[in-house]
Amino acid sequence: MEFRCNLRCVHCMIEGTMDRLKPESTADFRRILARNARSREWDGLILTGAEITLNPNLPAMARAARDAGFRHVRIQTHGMSLDRPETVQTLVEAGVDEYFVSVTGPDAESHDAITGVPRAFDRMMHGLDLLDAFEGVTILTNTVVTTRSFDRLAEVVDRLSHLRRLRQMEFWVYLPMAEEDDKNLVARHTDVLPHLRVAASRAQALGRAVEIKNFPPCLLGDLAHLVLNEQPELHIDPAFWPEFMRNGFYQCVHRDRCAATDCLGLSTAYIGKFGWEAARLSPMQYDPRHRRDAARQILCN
Ligand code: SF4
């Protein structure tokens, strides 16, 4: 719903297309709300963009979504705008109850270097602390895993350990949106693995749910079920999709013999940089998705 942004993250997935992608129209937005008001087919709505908090209509959109029967309204944000108490108050009162915030590093030096803007970390952290005081709010975080961040993942978990409303931590392994890794941000999975395991285990020990995207589950052993590549139904300018598909998906020499149905395999850029990793990857004998679903079922019961 908003394709402007005031950060310059090195790993941005839409930096090359932000200027030409068009936000969903108000008419399309209203159509979705009207459909849900009739059918109640969706439980939650996620408003995102580049940076959704730059859209002055965000509170009105959230209110309209709640009126249309969405029980949860989430924003995906870099969190800088949340450092103003009045902004947080307005968003919470408008019905935004889930905040999915990008945390790219464990401290100002690392986060600001990746996001390209001084004080981005301090403002984001202040916003998280303000949110943490609100009853009914759920905080989720995402840390994009690149060559610039992979060895600091556990520190990110530690830095956020005081947040009471942080329910879920996600780790999305970087996709370059191109056939080559021009910015040298694609990290080798086996280099990432020990850091990802420690971060995921530490987050779980703090009571957080953990989701990992775009990482081979066969490398994760007993944590394979944390890989979840499904995404919500996405309404976006169709010009996004050809760029997205340049990543190349489901490439793996073991694909035909592997039981993992929710694995994205290796990207074209990854294969170009590190090869097929045939000896390191190994076909799975069970589908980790089933184990994850079973774990969720136990939690729900
Ligand atoms: S063997 Fe290949 S398809 Fe199977 S989980 Fe590993 S990377 Fe994915």
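In each ligand, atom 1 is the first atom listed, and ligand 1 is the first ligand listed. Because only heavy atoms are used, hydrogens play no part in the values below, and waters and symmetry mates are left out as well, while side chains stay in. As the structure is a computational prediction, the values presented were derived from the model and not from experiment.
Among protein heavy atoms, atom 1 (S) of ligand 1 sits closest to S282 O, 3.4 Å. Nearest protein heavy-atom neighbour of atom 2 (Fe) of ligand 1: C252 SG, 2.3 Å.
Here the side chains of D97 and T138 are not in contact, with every heavy-atom distance at 4.5 Å or above. No side-chain heavy atom of S149 sits under 4.5 Å from any side-chain heavy atom of H11.
Under the 4.0 Å criterion applied to side-chain N and carboxylate O atoms, R165 and E135 are assigned as salt-bridge partners. At a threshold of 4.0 Å, the pair R20-D237 does not count as salt-bridged, since none of the basic side-chain nitrogens sits closer than that to a carboxylate oxygen. We find that E277 and R188 are joined by a salt bridge, their nearest charged nitrogen and carboxylate oxygen being less than 4.0 Å apart.
The atoms of ligand 1 that sit less than 4.0 Å from any heavy atom of P216 are 7 (S).
Considering each of P283, C263, A260, C258, the one bringing a non-hydrogen atom nearest atom 4 (Fe) of ligand 1 is C258.
Among the backbone and side-chain atoms of C218, an N, O or S atom lies under 2.8 Å from atom 6 (Fe) of ligand 1.
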